[in-house]
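Just below is one structure, and these are the notes that go with it.
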Amino acid sequence: MNIIFEESPKEVADSATGFDLFQDRSIVAIKVNDELRDLSHKLSDGDTVIGVSIDSDEGLSILRHSAAHLMAQAVQEIFDPAKLGIGPPIKDGFYFDFDVEEPFKPEDLKKIEKRMKELVGKSQRFVRREVSDEEARELMKNEPYKLELIGLKSADVGEGAAEVGAGTLSVYENINPDGTIAWMDLCRGPHLPNSRTVGKSFSLLRSAAAYWRGNENNKQLQRIYGTAWPTQEQHDAHLERLEEAAKRDHRKLGVDLDLFSFPEEIGSGLAVFHPKGGVIRRVMEDYSRKRHEEAGYEFVYSPHITKSNLFEISGHLQWYSDGMFPPMKLDAEYADDGTLKRQGQDYYLKPMNCPFHILIFRSRQRSYRELPLRMFEFGSVYRYEKSGVLHGLTRVRGMTQDDAHLFVSNEQLESELTNVLDFVLGLLRDYGLNDFYLELSTRDPENPKFVGSDELWERATSTLESVASASGLQLVPDPGGAAFYGPKISVQARDAIGRTWQMSTIQLDLNLPERFDLEYVGSDGERHRPIMIHRALFGSIERFFGVLTEHYAGHFPPWLAPVQVVGVPIADEFGDYLQKFADELRSHGVRIEVDHSDNRMQKKIRDHTMAKVPFILLAGARDQEAGTVSFRYRDGSQENDISLADARIKILKAINDKTQV
RNA sequence: GCCGACCUGGCGCAAUUGGUAGCGCACCGCUCUUGUAAAGCGGGGGUUACGGGUUCGAGUCCCGUGGUCGGCUCCA
């Protein structure tokens, strides 16, 4: 018969499979007419076939999926009974969920990993068998979770849809060289041909509970996460990346560099910034203020608490009361007989700033001449985040948003959105983030939670989309991800080690202008409803602080660094020389110190390098005579014999230009 | 919120089968200082997260509370 093989016609035997096409062992599966298949898949006349290399994204997923199977086999051999949940490949690895009597312990993972490596050596073939629903039920009769999936087929199994596909069901059997079946699982496939192909470049990382089918009303299963790679080098490199990420962890750097802490006495998710962190934060905020002022924003201020009525009007109490701190009940008075003498008031900590800004807008009649009206505030908000989700500075209960609300007319919407996006990206770049993509969150037309008319959503969404496309950045759709009150664009930034963080959001609000009955008078003398844009740039200062800390691994560029320069005299007697220079720089606003301690010079260099000070300036006799200093940087490099005048320029320029050193 | 693990001086770690807390760094003092990542000596500092319980005796065992970590769910 004839097939199209790697884009060229080829004649093959009638019974040919993928195995007949490839000698190359790195080809681990095939794509037949654009569908992934096992190498053992029997080809048909006219098929278009290409090989899937283990290095490709699809090949890696297959490797990881097979590794997950191997793990499940090992777990079921060691732990009886262990019922199978789902076991898909994920980024860099895989997981598998099990219903076991006891949660896994770290030693258990070692045992399982050891058994997996033995299974690799057993050279079991992974063989696909298509089965009817009845057969599948019979084969999986002891696997209650699998039986549930058989009933569901591909309907919403979530990311674990690897078990069941759209068509017929299939099982994969792990078959020993002697032909006996060692293990089997309900699975859509495809898989590697053989356990040997999985290799030994994998490891199990951690175990944790996970709700069955991702629903918190369901039972929690025990999930084991692992990572798997084609080669040991790639595997080791991945573990090194994890270590690198751990070194950058802002929670660790926050302690090491004395930036902030979360005193237990205050409460979970409530941070205090220490003087060194305070400098960074103040500089971040000052620069943001300056840029907002230049961009035509007006600064407003609002209190941290409010009577409940405001959040009733805004709808926050209706939609988000679970996420709000409970109310303070004030002012109620009771008579001796217990009857109410005076009606009390509930006051709430604010979870959002928008209702306050709206009240400012509504405080008087507004004219079209005032639009676009841009209100900006570093507004502190409090959200009752569930205890399990708190995470350093990136998920807290008290935070300060760099929040702005823009009130615009219909005609101004597109141009203002374009301005905002430009503004946001420009500012993020100034803080050192350069690699962005956009996400467009739209509504799910089936879901009734979204308020507002179809036309309004339609227009808002298409406006956001055209603005996003015009930016030239990659645009990723996020269907159903919109807030109930409007669609949004979010800016995702990649940091220095390639992780992505959701930064800014630009969100249209079709709800609040209605609820607060906002109006302005147009040039036609008629009343019109403004459109409202919510916009946070950092998201929250705390979170952005955390992200920048990790992005820079604590090596803040000079303009942000808490201490920008430290002078280290070669010996005591040169302290005055450096101090004089330091005093001069300080008068230019440079955060500079001279280390007059009685440590030896080498020790001082070590201390300030570890404190990640951008510039260390050394001076000894030679320098004092010549009027020079020498620079030492955080990476250990040095520049000697720099004249004081040049040194001054160099330092001031790095600070003013916001460059990294 | 759920599941699991963890909590020892500021930080990182020790403490045999339960026998009444040690080390390094940091800090303080003294001595010493000459060219690019740790000078020497001495000193102070912990009711072992908190509250109960078991025991002759608890950092070690049990229960509760708080907090942290890893996930899940959530994230206006």
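Values below: all heavy atoms of this structure, side chains included; hydrogens, waters and symmetry mates excluded.
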Just list the side-chain donor-acceptor pairs under 3.5 Å for residues 100-107 of chain A, sequence neighbours left out, or say none.
none

N/O donor to acceptor pairs below 3.5 angstrom from side-chain atoms of residues 610-629 of chain A, sequence neighbours left out:
unit_1	atom_1	unit_2	atom_2	d
A:D623	OD1	A:T628	OG1	2.6
A:D623	OD2	A:G620	N	3.2

Let me have the donor-acceptor pairs involving side chains of residues 315-328 of chain A, under 3.5 Å, with sequence neighbours excluded, atom names and distances please.
unit_1	atom_1	unit_2	atom_2	d
A:H316	ND1	A:S314	OG	2.5
A:Q318	OE1	A:R515	NH2	3.1
A:S321	OG	A:L317	O	3.3

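Nucleic acid contact class of A:P351 (heavy atoms, under 4.0 Å, all strands): base. In this structure, A:S268 reaches the sugar-phosphate backbone alone: every heavy-atom distance under 4.0 Å involves primed, P, OP1 or OP2 atoms, never a base. Counting non-hydrogen atoms under 4.0 angstrom, A:H534 reaches nothing in the nucleic acid. Within 4.0 Å of A:G267, counting heavy atoms only, lies no atom of the nucleic acid at all. Residue-level contact check: A:F262 touches neither bases nor backbone, having no heavy atom under 4.0 Å from any strand.
Between A:K580 and A:D576, no side-chain nitrogen of the basic residue sits less than 4.0 Å from a carboxylate oxygen of the acidic one, so the salt-bridge criterion is not met. Under the 4.0 Å criterion applied to side-chain N and carboxylate O atoms, A:D256 and A:K252 are assigned as salt-bridge partners.
Only the P atoms considered, B:G45 is 37 Å distant from B:A5, to the nearest whole Å. Taking the C1' atoms as reference points, B:C28 lies 7 Å from B:G44, given to the whole Å. Nucleotides B:C62 and B:G18 have their P atoms positioned 11 Å apart, rounded to a whole Å. If you take atom C1' in B:A26 and the same atom in B:G71, they sit 35 Å apart, rounded to whole Å. Here, B:C50 and B:C6 have their C1' atoms 16 Å apart, quoted to the whole Å. For B:G46 and B:C32, the P atoms lie 32 Å apart once the distance is rounded to whole Å. Here the separation of B:G29 from B:G19, taken at their C1' atoms, is 37 Å to the nearest Å. Separation of the P atoms belonging to B:U8 and B:C61 is 15 Å when rounded to the nearest angstrom.
Residues meeting the ring-ring contact (aromatic ring centres under 6.0 Å, His included) test with A:F450, sequence neighbours left out: A:W457. With sequence neighbours left out, the ring-ring contact (aromatic ring centres under 6.0 Å, His included) criterion links A:H357 to A:H405. For the salt bridge (Lys or Arg N to Asp or Glu O under 4.0 Å) test, no residue two or more places apart in sequence or in another chain qualifies with A:K83. Under the rule for a ring-ring contact (aromatic ring centres under 6.0 Å, His included), the partners of A:F273 that lie at least two apart in sequence or sit in another chain are A:F545.
Just one of A:K247, A:H250, A:R248 meets the side chain to side chain donor-acceptor pair (under 3.5 Å) condition when paired with A:E550; it is A:H250. No option in A:L428, A:D402, A:L393 other than A:L428 meets the side-chain contact (heavy atoms from CB on, under 4.5 Å) test with A:F544.
One can place CE of A:M399 at 9 Å from C1' of B:A76, the figure rounded to the nearest angstrom. As rounded to whole Å, 13 Å separates atom C1' of B:C75 from atom CD of A:E216. Separating the NZ atom of A:K105 from the C1' atom of B:G70 is a distance of 17 Å, rounded to the nearest angstrom. One atom, NZ of A:K386, and another, C1' of B:A76, lie 14 Å apart when rounded to the nearest Å. Here B:U73 presents its P atom at 17 Å from CG of A:L390, a figure rounded to the nearest Å. Rounded to whole angstrom, the span from the NE2 atom of A:H250 across to the C1' atom of B:U68 amounts to 13 Å. Between the CG atom of A:L393 and the P atom of B:C69 there is a distance of 11 Å, rounded to whole Å. Straight-line distance from the OH atom of A:Y384 to the P atom of B:U73: 20 Å, rounded to whole Å.
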Contact pattern, 5' to 3', of nucleotides 6-17 of chain B - B, S or - by protein heavy atom under 4.0 Å: -----S------

Heavy-atom protein contacts under 4.0 Å, nucleotides 29-36 of chain B, coded B base, S sugar-phosphate only, - none: --BBBBBB

N/O-N/O pairs, protein side and nucleotides 40-44 of chain B side, under 3.5 Å:
none

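Atom NZ of A:K276 is surrounded by 12 or fewer heavy atoms from other residues, nucleotides or ligands within 6.0 Å.
No N or O donor and acceptor, one from the side chain of A:E385 and one from the base of B:C75, sit under 3.5 Å apart. With hydrogens and angles ignored, a donor-acceptor pair under 3.5 angstrom links the side chain of A:Y211 to the base of B:G1. Within 3.5 Å, a donor on the side chain of A:R395 pairs with an acceptor on the base of B:C74, or the reverse.
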A:D97/A:W212 under side chain to side chain donor-acceptor pair (under 3.5 Å): CA gap, chis, key distance, verdict: CA-CA 8 Å; A:D97 290 343; A:W212 168 239; over 6 Å; no

Worked verdict on A:T400 versus A:S380 for side chain to side chain donor-acceptor pair (under 3.5 Å): CA-CA 4 Å; A:T400 302; A:S380 296; 3.0 Å; yes

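For the pair A:R223 and A:Y95, the distance from NZ or CZ to the six-membered ring centre is under 6.0 Å and the angle to the ring normal is within 45 degrees. Annotation: cation-pi pair A:R397/A:Y384 present, NZ/CZ under 6.0 Å from the ring centroid and within 45° of its normal.
Taking the side chain of A:Q222 as heavy atoms from C-beta on, and the options B:A76, B:C3, B:C72, the nearest nucleotide is B:C3. Listed nucleotides: B:G71, B:A76, B:A37. Nearest to the side chain of A:Q507: B:A76.
To the nearest 0.5 Å, the span separating NZ on A:K604 from OG on A:S597 amounts to 4.0 Å. Within the model, atoms NE2 of A:H238 and CD of A:E243 stand 11.5 Å from one another, a figure rounded to the nearest 0.5 Å.
Phosphate proximity of B:U68 to A:K252: absent, as no side-chain N or O sits under 4.0 Å from OP1 or OP2. A close approach under 4.0 Å does not occur between any side-chain nitrogen or oxygen of A:R383 and OP1 or OP2 of B:A76. Neither OP1 nor OP2 of B:G70 sits under 4.0 Å from any side-chain N or O of A:R206. For B:G70, the OP1/OP2 oxygens have no side-chain nitrogen or oxygen of A:Y95 closer than 4.0 Å.
Non-hydrogen atoms lying under 4.0 Å from RNA chain B are contributed by nothing in residues 440-447 of chain A.
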Dot-bracket notation for RNA chain B, counting Watson-Crick and G-U pairs under 3.5 Å, with | for partners on another strand: (((((((..((((.....[..)))).(((((.......))))).....(((((..]....))))))))))))....

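Each of A:R251 and A:Y320 lies near RNA chain B, and the nucleotide nearest A:R251 is the one positioned closer to the 5' end.
Two rings, from A:F98 and A:F96, have their centers less than 6.0 Å apart.
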